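See below for the structure under consideration.
Model, not experiment: these values are computed from the prediction. Throughout, residue positions are numbered sequentially from 1 according to the sequence presented.
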Amino acid sequence: MVAERQDPMFVLKFIWMEKNIGIALDQLVPGYGSVPLSPHYFWPRKDAWEELRAKLEEKEWISQKHMIILPNQATDIINLWQQGGDSLSA
């Protein structure tokens, strides 16, 4: 029996600090765990969104769908961080 091909699963990881937020990308490998695909990019020291987008473009096997969704999710978290995480307690 041939296993059905599944789309890769990705996880954005964050380091939430007072003056910076770190963003990294991992790939989930069933039966193994997660494999880092990028280092942590720290915003606002650098443009973490742009660095993440560039890293995604380097990985030709990542779908166009994920190249849109993952930076958008990172943007949502950066915006939440900028607001001081107020909606986390809701």
According to the salt bridge (charged side-chain N to carboxylate O under 4.0 Å, His left out) rule, which pairs have a member within residues 63-75, sequence neighbours left out?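 Qualifying pairs: none.
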Pairs where residues 34-47 contributes a residue and the test salt bridge (charged side-chain N to carboxylate O under 4.0 Å, His left out) is met, not counting sequence neighbours: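 Every candidate salt bridge (charged side-chain N to carboxylate O under 4.0 Å, His left out) pair involving residues 34-47 fails, so no pair, neighbours aside, qualifies.
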Which heavy-atom pair separates Q27 from L37 by the least distance, and what is that distance?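 Here Q27 and L37 meet closest at CB-CD1, 3.8 Å.
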Minimum heavy-atom separation for I21 and F14, please, with both atom names.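 Scanning both residues, the minimum pair turns out to be CD1-CD2, 4.1 Å.
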Flag, side chain of W16 to backbone of W81, donor-acceptor distance under 3.5 Å: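 No.
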Residues clustered with I15, ILVMFWY side-chain links under 4.5 angstrom: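 M17, F42, listed by chain and number.
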Which residues pass the salt bridge (charged side-chain N to carboxylate O under 4.0 Å, His left out) test with E58, not counting sequence neighbours?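 Per chain and number, E58 pairs via salt bridge (charged side-chain N to carboxylate O under 4.0 Å, His left out) with K55.
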Using the test side chain to side chain contact (heavy atoms under 4.5 Å, CB included), find all partners of [X] that sit at least two apart in sequence or belong to another chain.
X	value
K19	none
D76	none
L70	F10, L12, L25, L56, H66, Q73
P36	D26

Among all residues two or more places apart in sequence or in another chain, which pass the side-chain hydrogen bond (donor to acceptor under 3.5 Å, both in side chains) test with E60?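 side-chain hydrogen bond (donor to acceptor under 3.5 Å, both in side chains) list for E60, sorted by chain: empty.
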Who pairs with E57 by side-chain hydrogen bond (donor to acceptor under 3.5 Å, both in side chains), at least two apart in sequence or on another chain?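 Testing E57 for side-chain hydrogen bond (donor to acceptor under 3.5 Å, both in side chains), a comparison that skips the adjacent residues, returns R53.
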Does M67 reach the side chain of I62, with side-chain heavy atoms less than 4.5 Å apart?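 Yes, at least one pair of side-chain atoms sits under 4.5 Å.
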Evaluate the side-chain proximity of S34 to V29: yes if any heavy-atom separation is below 4.5 Å, no if none is.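 V29 vs S34: side chains apart.
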Tell me whether L80 shares a hydrophobic cluster with W43, the cluster being built from Ile, Leu, Val, Met, Phe, Trp, Tyr side chains joined at under 4.5 Å.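 Yes, L80 connects to W43 through the hydrophobic network.
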Same cluster for L52 and W61 if Ile/Leu/Val/Met/Phe/Trp/Tyr side chains link at under 4.5 Å?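 Linked within one cluster.
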